[in-house]
Each structure stands twice: as structure tokens, then as C-alpha cells.
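Basis for what follows: all heavy atoms, side chains included, without hydrogens, waters or symmetry-related copies. This is a predicted model, so every value here is computed, not measured.
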Amino acid sequence: MTFTPAPWPRKLRSQEWYGGTSRDNIYHRGWLKNQGYPHDLFDGRPVIGILNTWSELTPCNGHLRELAEKVKAGVWEAGGFPVEVPVFSASENTFRPTAMMYRNLAAMAVEEVMRAQPIDGAVLMVGCDKTTPSLMMGAASTDIPSIVVTGGPMLNGWFRGERVGSGTALWQMSEDIKAGKMTQQDFLEAEQAMSRSSGTCNTMGTASTMASMAEALGMALSGNAAIPGVDARRKVMAQMTGRRIVQMVKDDLKPSDIMTKEAFENAIRVNGAIGGSTNAVVHLLAMAGRVEVDLTLDDWDRLGRDVPTIVNLMPSGKYLMEEFFYAGGLPVVLKRLGEAGMLHKEALTVSGGPVWDEVKDAVNWNEDVILPVEKALTSSGGIAVLRGNLAPGGAVLKPSAATPALMKHRGRAVVFEDIDDYKARINDDALDIDETCVMVLKNCGPKGYPGMSEVGNMGLPPKVLKKGIKDMVRISDARMSGTAYGTVVLHTSPEAAAGGPLAIVQTGDMIELDVEARRIHLDVPEAEIAARLAKWQPLETPPANGGYTKLYYDSVEGADTGADFGFLKGCRGREVPRDSH
């Protein structure tokens with residue numbers, strides 16, 4: 001794609017606030033001067049909003065205050081006027097019922113911050129899982145020049161000489177506790193080893209996946225995704241990002257120029273190659289809706305089916321993000337895809353040029369971390385989209401994290417009506433379940449939880465774990481952490497709380513999974529399914545009686561379209577009313 005920069009100099013939107021001698025201009029300019037800004041900063045130079053999701057309750061983003069100073073330095077150097085703006089920080093670690101419920105609220109907040117204030121361009125400072133898509137969604141809706149800089153992953157965790165992957169080790173060790181293979185004291189000792197530096201999860205979890213998606217979409221500088229949070233090169237990346245956004249404003253290089261259908265197709269293929277999180281599905285669908293790009297679940301299956309997973313990172317492989325960076329990071333993956341004819345090489349990036357120019361000379365420094373195609377973890381690593389009478393709207397599964405022997409399976413359903421029912425019964429040795437069964441969890445989708453929590457990777461019952469079994473087929477309308485693993489069918493649509501077929505599955509029903517055929521089937525006569533659906537009743541009292549929770553419950557759409565709010569789509573580029581002072 002060829003991009004033609006806008007003429008410069010020209011009048012920027014911030015001059016509606018700061019340019020001129022009217023009462024309104026003096027009102028806006030004069031009050032800001034109380035912070036000691038000299039008059040010539042309001043001369044028409046780009047005003048750059050540094051939208052910072054720093055929060056001490058968002059551990060992944062706890063170091064972004066320091067990083068923001070480097071962004072500011074870059075903006076000053078390039079002749080811009082940086083202003084740091086705090087924005088909603090949805091923490092996966094602390095938010096209840098789930099950070100996903102607040103992704104849309106954060107996106108709304110960012111969108112209105114950008115629309116309503118004198119910002120000509122934005123640096124999106126992100127890290128934790130939902131902060132990346134929420135800020136990108138807001139920026140896509142406003143369509144003001146924007147660029148992403150992530151906080152970077154933590155350094156490797158180490159426990160007793162073994163790598164410890166944040167999240168992934170947590171799920172493994174908690175299962176070992178139930179199986180009697182690990183003591184509680186050992187678990188507590190490993191706790192500190194999991195998170196030994198600032199940064200996001202060091203596995204290819206959702207945070208690292210979304211950092212990779214931002215880079216693959218062209219919305220971050222090349223190489224941004226993998227630099228560890230405490231590496232000096234992360235600070236350099238932040239400063240270079242500050243420099244770059246000033247020129248993007250001068251050129252009028254906007255999200256809609258970069259986040260095209262070709263860019264999303266590149267990102268989907270990258271997700272398969274890195275063994276990325278299933279959460280990328282809902283986030284990219286939501287971002288595409290904001291930038292008015294037609295992206296569907298079918299695109300995920302079409303584009304990812306033949307992509308080999310070549311990044312050997314947990315939870316699919318054995319290494320962590322630190323080694324991925326040392327091996328060459330995402331530019332190497334993009335180069336590999338380009339050489340295989342799986343990359344739109346002309347897709348535009350925030351650099352102002354095509355992605356291929358950024359990655360064509362990348363070098364792989366460790367072929368055990370970024371594997372040759374013939375040694376791929378799996379030959380079909382993209383997200384598998386399953387359909388059938390149990391999921392007419394689609395469901396997803398991550399092949400690179402699943403057990404090959406379970407990819408085609410028929411088993412008896414053991415049903416949990418909601419997460420509380422699961423927690424109450426899963427550890428009971430009297431539970432009628434074995435490793436051949438299919439665990440089914442209902443009412444954990446966007447409306448059902450509410451918020452679509454990461455509970456889809458249900459821990460196995462202790463009676464099964466004690467046999468040495470580590471995986472079973474699990475099906476739900478929930479999500480799972482990108483750090484998790486297993487043969488887990490997620491995002492089943494329509495969800496149970498909306499009356500989807502998942503709602504009427506009963507313990508004892510037979511369920512068939514065939515990933516190769518992309519099929520998920522409830523082996524119950526269609527007449528019986530219709531009769532059960534006719535009797536189904538929604539919750540008498542929805543889990544929302546006011547505030548944002550009610551807005552969310554009333555407005556959220558299905559996971560198959562991104563779990564966004566329908567009323568937020570189709571408003572790209574809308575400006576706010578004129579000044580009223």
C-alpha cells in the first residue's frame with residue numbers, strides 16, 4: 001500500500017483549543033500555563049497525548065510511569081508537545097468479575113478522552129491483557145494518529161533450575177497439588193519465582209500475544225513486542241516511539257490507514273505462527289469492528305489453518321519471551337511468513353512504509369526458539385473455528401496447546417451449570433467422571449458470567465489427575481488465559497445465557513469433537529434439542545441491576561463478533577461539539 005503524507009505545515013485540531021486570541025483560546029491556553037509551559041509551545045506544533053495505563057493495581061503496567069518519561073523525551077526531541085494522560089487500566093490480575101467486562105468501558109473512556117481533548121496524536125502505553133485492545137479500540141474509533149508502545153514481558157522465571165512461565169506454571173502446579181505431586185510449601189516457594197521483574201507475562205499469553213498483534217497490525221514500531229520490560233532497549237523503544245508519533249501527526253498517518261483487512265490477515269497468520277492466545281480472536285474482531293473492517297470467525301479459520309506454529313514458547317513449547325527476544329523476536333516470524341507467501345508484504349506500518357521493508361533483513365539467532373518450518377510444534381497452528389449443532393455461531397480451539405490424541409473424540413458430557421457449580425463439585429471423589437468424559441461449563445459467556453471470564457480451562461478432577469491424566473476435552477462459552485493449555489473448546493456461540501444450544505446440554509449426552517473436520521456436535525436428536533430449547537428460560541434475575549454492569553449486560557454482543565457494544569460501531573472519526581465557553 002502506498003501512503004501519501006499530508007502537506008505540512010497545516011492547522012491541527014489542537015489549534016481549535018489553543019490557536020488564536022479569542023476568549024475561548026485564552027481560557028484553554030491560560031489554564032494550562034499554570035504548569036509552567038511557555039507561550040511558544042502553543043504555536044501549532046503537534047500536541048501528543050501519552051495515554052498511560054499505569055497503575056499500581058495493574059502489576060504488568062507498574063513500570064509505565066518511568067517509560068512515559070522516555071516517550072516524552074522523544075516527543076520533545078521531534079518538536080512536539082507531550083501531555084501525559086491517565087486512562088482506564090483494566091488489570092487481569094485484580095479485576096472482578098473479570099477484566100474482560102471492563103475492556104469495552106476502557107475503550108469508551110479512551111475514545112472520549114481522545115475526542116474531547118486537544119490531542120493531535122496519541123501514544124498508547126499498554127501491557128496487561130485488556131489494556132492493549134481497549135486502547136487500540138478507542139484509537140481506531142477516533143482515527144487520530146496513534147502508535148502503540150508496550151511495557152514488555154518479565155524476565156524468565158526460574159525455580160529449582162527449571163524455567164517458570166507466568167500463568168502456565170500456575171496452572172501446572174495447581175494441578176500437581178491436587179494430584180499429590182507437589183506440596184503446598186513448594187507452591188508458595190515457587191510463587192516469587194514466577195514474577196521476578198517488571199513486565200507482563202513471560203509466556204506467549206494474552207499480553208505477549210496482543211503485543212505481537214499490535215506489531216503485526218503495523219501499529220507499533222518493528223521489534224516492539226518482545227523486548228523485556230527491564231531491558232534498556234525497552235526505554236529506547238519508548239523514546240523512538242515518541243519521536244515517531246510527531247511525524248505521524250505531520251503526515252496524518254491514521255489507524256484507518258494502517259489497520260486494513262490485509263493488516264488483520266497478517267495478524268491472524270502471526271497468531272498461528274507464535275501459538276498465540278485464543279483471546280486474540282475476540283480482541284481483533286472488536287478492533288476490526290471499530291475501524292470498520294469486515295473480519296469474521298471464518299477469516300480466522302481460513303487464514304490460520306495452514307500456518308505452522310514455529311515459536312517454541314510456553315504454553316505450547318518450552319521457552320519464554322526473553323529467549324524469543326534474543327532470537328530475533330517478531331520480525332523473524334514476519335520474515336518467515338513472508339518467505340512462505342503468507343504475508344501481505346505491502347501492508348502499511350506506523351513507519352510510513354510497508355511491513356516487508358521492516359523485516360526482510362531480520363536474522364534468526366536461535367533456531368530452537370524460532371523453529372524451522374520442518375520442525376514446527378504443529379503444522380496447523382492457527383486458531384481452529386468449530387461449528388455444529390452445539391455451536392452454530394462458532395467456537396474456537398488452540399491446536400498448538402491441545403493433546404493430539406483428543407483432537408478427535410467422542411465422550412459423555414459431565415455438565416456444570418455455572419462456575420459455582422463447577423467449584424462445588426469438581427473435587428468430589430463421588431463425581432461420576434473419568435478421562436473419557438467431556439467437561440461442559442455453561443453460563444460463563446459475555447452475558448452469563450457476566451464478562452466472559454477466563455475459566456474455560458477447567459482444572460481436572462483430582463480422581464483423574466491421580467491416574468496421571470493431564471488433559472480432557474473441555475467445552476464452554478468462557479475464555480481461557482493465553483498462558484493456559486489443553487484440549488479446550490471456548491467462546492461457544494451463541495452462549496448459554498443467550499439461549500444457545502450449550503444451555504440445554506445434559507449430563508450423559510454424547511458429544512463429538514473433530515478438530516480436523518472443524519466440527520463440534522451434540523449427539524442428541526434434533527427434535528429433542530428443539531424441545532429442550534423450547535422449554536429453556538433465561539435467568540429470572542439477570543446478574544446486573546444497575547450501573548455499568550447493566551449497560552454491559554444489555555449491550556454486549558456475542559464472542560463470535562468480538563463481544564463489543566454494537567452502539568460503538570460505525571462512529572469512526574466523529575468529532576465532539578464545538579467549544580461552549
Side-chain angles (χ1 to χ4, degrees), residues 152-176 179 181-182 186-187 189-197 199-209 211-212 225-229 231 270-278 280 307-330 332-333 336 364-383 397-407 457 468-471 480-488:
M154 293 185 282
L155 296 177
N156 284 7
W158 290 94
F159 178 62
R160 297 179 179 175
E162 300 290 334
R163 287 182 185 82
V164 175
S166 48
T168 301
L170 185 69
W171 316 132
Q172 291 171 337
M173 291 176 183
S174 62
E175 296 289 77
D176 286 346
K181 297 179 180 179
M182 187 177 195
D186 288 341
F187 199 9
E189 186 180 336
E191 179 181 337
Q192 187 65 38
M194 295 181 193
S195 306
R196 70 181 184 95
S197 81
T200 61
C201 291
N202 53 25
T203 57
M204 189 53 77
T206 304
S208 294
T209 297
S212 298
I227 307 172
D231 193 302
V270 166
N271 192 72
I274 65 176
S277 170
T278 51
V307 177
T309 298
I310 58 172
V311 176
N312 189 11
L313 263 61
M314 298 180 194
S316 300
K318 67 178 182 179
Y319 292 108
L320 296 169
M321 287 295 290
E322 192 176 343
E323 282 101 353
F324 184 44
F325 172 60
Y326 300 150
L330 202 71
V332 176
V333 176
R336 285 276 176 86
N364 184 359
W365 299 109
N366 190 333
E367 291 208 343
D368 197 38
V369 176
I370 306 175
L371 302 164
V373 171
E374 60 271 17
K375 295 182 179 179
L377 294 178
T378 177
S379 60
S380 182
I383 299 297
L397 178 142
K398 181 177 174 179
S400 64
T403 301
L406 291 175
M407 299 280 266
N457 57 310
I469 304 298
K470 295 183 178 180
D471 195 10
M480 76 174 182
S481 168
T483 66
Y485 52 89
T487 311
V488 185

Residues Glu323, Arg163: salt bridge by 4.0 Å N-O rule: yes
Asp471 side chain to Tyr485 side chain, donor-acceptor N/O pair below 3.5 angstrom: no
Stepwise side chain to side chain contact (heavy atoms under 4.5 Å, CB included) check, Phe324 with Val311: CA-CA 8 Å; Phe324 184 44; Val311 176; 3.9 Å; yes
Nearest-0.5 Å distance that lies between atom CD1 in Ile370 and atom CG in Asn312: 10.5 Å
Other residues, nucleotides, ligands: >12 heavy atoms within 6.0 Å of Trp365 CH2: no
Exceeds 12 heavy-atom contacts within 6.0 angstrom, atom CD of Glu162: no
Reference residue Leu313; test side chain to side chain contact (heavy atoms under 4.5 Å, CB included); the match among Val369, Asn202, Thr203, Leu377: Val369
Lys470 side, atom NZ; Gln172 side, atom CD - distance, nearest 0.5 Å: 8.0 Å
Evaluation steps, side chain to side chain contact (heavy atoms under 4.5 Å, CB included), between Met314 and Ser166: CA-CA 9 Å; Met314 298 180 194; Ser166 48; over 6 Å; no
Stepwise side chain to side chain contact (heavy atoms under 4.5 Å, CB included) test for Phe159 and Gln192: CA-CA 9 Å; Phe159 178 62; Gln192 187 65 38; over 6 Å; no
Side chain proximity check, Pro228 to Met154, heavy atoms < 4.5 angstrom: no
Short N-O contact, Glu191 and Arg196, less than 4.0 angstrom: no
Lys/Arg N to Asp/Glu carboxylate O, Glu175 vs Lys181, below 4.0 Å: no
Under-4.0 Å salt bridge between Asp368 and Lys318: yes
Distance-only side-chain donor-acceptor flag, Ser277 / Thr209, under 3.5 Å: no
